[in-house]
Amino acid sequence: MTLLDIKDLSVFYGKTQALFNCSFSVGEGEFVALLGSNGAGKTTLLRAVSGLLPFKGSVSYAGKALDEISAQTRLARGVAHIPQGRGTFTEFTVEENLSLGATIVGSRSQVKEDKERWYETFPRLRERRNQLAGNLSGGEQQMLAVARALMSRPRLLMCDEPSLGLAPSITQEILAIFKSLNKEAGMTLLVVEQNVDTTLQYADIAFVIEAGQVVASGAASDLIGNEDIKKSYLGVA
Ligand SMILES: Nc1ncnc2c1ncn2[C@@H]1O[C@H](COP(=O)(O)OP(=O)(O)O)[C@@H](O)[C@H]1O
Ligand SMILES: [Mg+2]
């Protein structure tokens with residue numbers, strides 16, 4: 001089943017067009033990578049899907065036109081977006097950040113259960129549960145951003161450049177967690193990355209975006225070996 005269906009998506013910043021008729025879809029349970037060099041339009045695309053930017057074209061989520069689901073209720077319907085730069089609340093503790101992520105999830109016992117689950121997944125967050133998010137390392141902040149998004153019990157988890165500024169081993173750790181959420185919990189993932197080779201090791205399918213257009217797509221395993229695509233669009237020497 002198609003969970004997210006994007007057709008002819010165009011986005012403008014004033015008179016400047018950033019996305020040009022982008023079309024692709026994400027099936028329920030897939031781990032999809034959206035790759036592209038700096039300025040390609042990746043962040044713009046995620047922001048349009050999560051309701052932060054107006055767009056032209058049609059986007060449907062779980063069979064419903066996105067226009068019919070207000071930006072406020074998208075989260076309640078399971079669309080979670082971890083922004084580029086993480087967006088944790090630096091003046092709040094780790095634990096408070098997790099609580100804030102759970103605002104739409106019903107009961108206290110559910111929230112407690114979910115925190116416990118994500119502390120199991122991210123033991124370093126448990127150790128630092130009473131520290132201010134702003135005092136965590138970059139890797140820990142990214143983990144907190146992921147855990148906070150997970151507190152909303154997403155069906156579609158979108159993450160914008162988790163690897164930005166992180167050591168390769170931490171990037172691998174985060175992608176491995178995404179992979180296990182995908183395989184074990186059936187969560188659908190749309191991960192934006194410039195870190196091509198690493199991401200392709202974990203994703204099932206990838207779309208490549210360049211200058212606001214979808215220019216290539218395929219099984220991640222096929223793209224790993226495709227030097228032409230990497231040279232042409234992804235700045236990989
Ligand atoms: N707030 C903005 N106002 C005007 N142009 C913007 C804004 N944000 C991004 N852009 C432009 O839109 C294009 C796509 O940017 P972005 O989606 O951030 O790319 P990416 O995430 O792939 O690096 C770029 O040309 C960028 O300069
Ligand atoms: Mg970006």
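Both ligands and their constituent atoms are indexed starting at 1 by order of listing. Values below: all heavy atoms of this structure, side chains included; hydrogens, waters and symmetry mates excluded.
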Reported OG1-to-CG distance for the pair T88 and L132, which is rounded to 0.5 angstrom
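CG of L132 is found 11.0 Å from OG1 of T88.
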
Mind checking the CG-CZ spacing from L53 to R47? Nearest 0.5 Å is all I need.
5.0 Å

Heavy atom of [X], distance to ligand 1 below 4.0 Å:
{"X": "G39", "value": "yes"}
{"X": "S37", "value": "yes"}
{"X": "N38", "value": "yes"}

Evaluate whether atom CD of E91 has more than 12 neighbouring non-hydrogen atoms of other residues, nucleotides or ligands under 6.0 angstrom away.
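Not buried by this count: 12 neighbours or fewer within 6.0 Å.
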
Counting heavy atoms not belonging to K112, are there more than 12 under 6.0 Å from its NZ?
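At most 12 heavy atoms, drawn from other residues, nucleotides or ligands, come within 6.0 Å of this atom.
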
Assess the residue pair Q131 and T93 against the criterion (side chain to side chain donor-acceptor pair (under 3.5 Å)); give the C-alpha distance rounded to whole Å, side-chain angles, the decisive distance to 0.1 Å, and a yes or no.
CA-CA 5 Å; Q131 289 188 21; T93 66; over 6 Å; no

So does Q84 have any N/O/S atom less than 2.8 Å away from the Mg ion (ligand 2)?
yes

Contact check: T44 to the Mg ion (ligand 2), N/O/S below 2.8 Å:
no

Nearest neighbour in protein (non-hydrogen) for atom 10 (N) of ligand 1
Y13 CE1, 3.3 Å

Protein contact to atom 18 (O) of ligand 1 [nearest heavy atom, distance to 0.1 Å]:
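Here the nearest protein heavy atom works out to T43 CB, 3.8 Å.
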
Measuring only between side-chain heavy atoms, which start at C-beta, is V111 closer than 4.5 Å to L98?
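When only atoms from C-beta onward are counted, L98 and V111 do not touch, as no gap falls below 4.5 Å.
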
Got C159 and F178 here, is their nearest side-chain heavy-atom distance under 4.5 Å?
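A side-chain contact exists here, since the closest heavy-atom pair is under 4.5 Å.
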
Go through it in stages, so that I can follow the logic: the residues are E193 and K42, the test is salt bridge (charged side-chain N to carboxylate O under 4.0 Å, His left out), and I'd like the CA-CA distance, side-chain angles, deciding distance and then a yes or no.
CA-CA 8 Å; E193 264 300 339; K42 306 178 299 298; over 6 Å; no

Return a yes/no value for E161: is any of its N or O atoms, backbone included, closer than 3.5 angstrom to an N or O of ligand 1?
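In this structure, E161 places no N or O atom under 3.5 Å from an N or O of ligand 1.
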
Can you check whether G41 has an N/O within less than 3.5 Å of an N/O in ligand 1?
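Among all N and O atoms of G41, at least one is under 3.5 Å from an N or O of ligand 1.
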
Should you measure from each heavy atom of [X], which atoms of ligand 1 turn up under 4.0 Å away?
{"X": "T44", "result": "14 (C), 15 (O), 16 (P), 17 (O)"}
{"X": "A40", "result": "19 (O), 20 (P), 22 (O)"}
{"X": "A18", "result": "12 (O)"}

Can you check whether a protein heavy atom sits less than 4.0 angstrom from atom 6 (C) of ligand 1?
yes

Determine whether any protein heavy atom is located less than 4.0 Å from atom 27 (O) of ligand 1.
no

Return yes if some donor-acceptor pair links the side-chain N/O of N182 with the main-chain N/O of G29 below 3.5 Å, else return no.
yes

